[in-house]
Amino acid sequence: MNADNRIIVALDVSSQEEAIALLDKLPQVSFWKVGLELFVSSGPGILEILKQREKRIFLDLKFHDIPNTVAGACRAAAKYNVDLLTIHSTCGKDALKAAQLALTEGAAAVDKPSPKLIAITLLTSLNSRQLAFELKIPLELPEYALHMALLAKETGLAGAVCSPQEVEQLRMSCGDDFLLVCPGVRPKWADGGDQKRAMTPKAALKAGADYLVIGRPITAAPDPVAAFARICEELE
Ligand SMILES: O=c1ccn([C@@H]2O[C@H](COP(=O)(O)O)[C@@H](O)[C@H]2O)c(=O)[nH]1
């Protein structure tokens with residue numbers, strides 16, 4: 001796959017108008033992520049707009065709830081015909097299984113392909129100190145991220161969301177057919193912001209990421225077109 005097609009741009013804006021302006025500005029982007037900010041602000045209409053433009057869609061709603069509730073949310077999300085959908089691994093196995101089953105059934109009911117359900121391992125905005133002292137998790141961070149990815153794999157999910165700093169280890173342990181999607185990606189020239197476990201796009205791909213999720217380094221750049229082009233060049 002061409003390196004450009006391995007970039008998923010995060011459409012983190014607060015209105016459909018702003019989202020459309022970015023789509024118009026960046027027609028070369030083939031894969032977009034719709035997350036909580038845009039979905040909660042403007043509803044599912046943006047998904048239809050992306051479909052009309054033949055874009056691939058990562059619907060990053062990060063479900064986190066009891067089995068019955070995540071199953072209902074996945075069954076409902078199946079109708080949007082998106083490519084990727086997220087849930088937190090910390091929901092536990094029962095919820096992950098229920099979500100996967102409901103997604104498959106929901107997609108079959110509307111005669112659409114099932115989105116790939118991928119699990120958040122540990123948010124890339126957290127570091128090892130926070131894991132230990134805020135969340136009180138008594139595991140080293142790489143071990144915890146791997147455990148969360150394996151939970152998703154054992155439950156039959158298609159992949160995981162992880163930091164590029166853990167992707168090499170997850171790739172080795174989870175195999176080549178397990179999808180690994182990495183946010184927390186920062187070119188050297190971009191501001192790190194709230195991302196605590198970041199790597200450059202080139203290093204993240206080299207370490208084994210299937211897809212890179214990049215938002216602000218492109219969308220908040222003074223010239224998003226130039227920023228996207230610069231990242232693509234750096235990947236060559
Ligand atoms: O662990 C995670 C899971 C999801 N995200 C999402 O990715 C993008 C990253 O945006 P940047 O502007 O490049 O930081 C954003 O939509 C997050 O919600 C993540 O960062 N980390």
Side-chain angles (χ1 to χ4, degrees), residues 6-15 18-19 22-23 26 29 31-42 46-47 50 56-64 82-91 116-128 130-131 134-135 137 141-142 144-149 151-152 157-167 170 179-205 207 209-222 224 227-228 230-232 234-235:
R6 294 171 70 179
I7 300 174
I8 304 176
V9 179
L11 209 38
D12 288 332
V13 290
S14 60
S15 70
E18 286 171 273
L22 275 169
L23 299 185
L26 290 163
V29 174
F31 210 154
W32 289 92
K33 184 175 88 72
V34 174
L36 289 168
E37 182 182 2
L38 182 56
F39 197 83
V40 173
S41 307
S42 75
I46 187 65
L47 304 176
L50 286 162
R56 284 182 295 160
I57 306 172
F58 174 8
L59 183 58
D60 183 23
L61 298 182
K62 299 188 185 71
F63 296 144
H64 193 204
V82 299
D83 298 272
L84 301 175
L85 183 68
T86 42
I87 183 166
H88 280 278
S89 255
T90 47
C91 287
K116 288 191 162 79
L117 187 62
I118 59 176
I120 309 287
T121 52
L122 178 70
L123 292 171
T124 54
S125 55
L126 295 168
N127 59 22
S128 51
Q130 289 170 295
L131 185 74
E134 289 177 19
L135 305 187
I137 305 284
L141 192 151
Y144 178 75
L146 177 60
H147 173 66
M148 288 300 161
L151 203 63
L157 267 62
V161 176
C162 64
S163 139
Q165 294 185 8
E166 292 102 50
V167 74
L170 266 57
L179 199 64
L180 292 173
V181 176
C182 290
V185 176
R186 287 289 181 272
K188 285 204 177 91
W189 41 266
D191 183 22
D194 49 5
Q195 296 290 359
K196 302 240 175 74
R197 307 195 321 281
M199 262 164 65
T200 65
K202 192 165 185 158
L205 279 189
D210 290 300
Y211 291 102
L212 309 177
V213 176
I214 309 178
R216 289 162 290 180
I218 297 169
T219 56
F228 182 73
R230 189 169 173 189
I231 291 172
C232 293
E234 288 174 2
L235 288 176

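Numbering of residues begins at 1 and proceeds along the displayed sequence. All ligand and atom numbering here is 1-based and tracks the order in the structure.
The proximity of L123 to ligand 1, defined as any non-hydrogen pair under 4.0 Å, involves the side chain as well as the backbone. Under 4.0 Å from ligand 1, the heavy atoms of P217 that appear belong solely to its side chain.
With rounding to the nearest 0.5 Å, the separation of CG in L180 from CG in L170 is 5.5 Å. Note that CG of L38 is 8.0 Å distant from OG of S15, once rounded to the nearest 0.5 Å.
Below 3.5 Å of separation, one finds an N or O of T124 facing an N or O of ligand 1.
The aromatic rings of H64 and H88 sit tilted relative to each other, their planes meeting at an angle between 30° and 60°.
Comparing C182, G215, P183 against atom 10 (O) of ligand 1, the shortest heavy-atom distance belongs to G215.
For atom 18 (O) of ligand 1, the closest non-hydrogen atom on the protein side is K62 NZ, 3.4 Å. Taking atom 11 (P) of ligand 1 as the reference point, the nearest protein heavy-atom neighbour is R186 NH2, 3.5 Å. Nearest protein neighbour of atom 15 (C) of ligand 1, counting heavy atoms only, is D12 OD2, 3.3 Å. Looking from atom 20 (O) of ligand 1 to the surrounding protein, the closest heavy atom is Q195 NE2, 2.8 Å. Nearest protein heavy-atom neighbour of atom 17 (C) of ligand 1: K33 NZ, 3.9 Å.
By the 4.5 Å heavy-atom criterion applied to side chains, I137 and L122 are not counted as neighbours. Residues I214 and V9 have side chains not in contact (no heavy-atom distance under 4.5 Å, counting atoms from C-beta outward).
Under a 4.0 angstrom heavy-atom cut-off, E37 registers as lying outside contact with ligand 1.
Heavy-atom contacts of V213 reach the following atoms of ligand 1: 7 (O), 8 (C) (cutoff under 4.0 Å). Annotation for ligand 1: atoms under 4.0 Å from non-hydrogen atoms of A10 are 16 (O). Near R216, meaning under 4.0 Å from one of its heavy atoms, ligand 1 places the atoms 11 (P), 12 (O), 13 (O), 14 (O).
Side-chain contact, E18 with S14: a donor N or O sits under 3.5 Å from an acceptor N or O.
Annotation for K116: atom NZ does not count as buried by contact number, only 12 or fewer foreign heavy atoms lying within 6.0 Å.
Side-chain atoms of R197 come within 3.5 Å of backbone atoms of L126 as a donor-acceptor pair (strictly under, hydrogens ignored).
A side chain to side chain contact (heavy atoms under 4.5 Å, CB included) with K62 holds for exactly one of T86, I87, V161, L85; it is T86.
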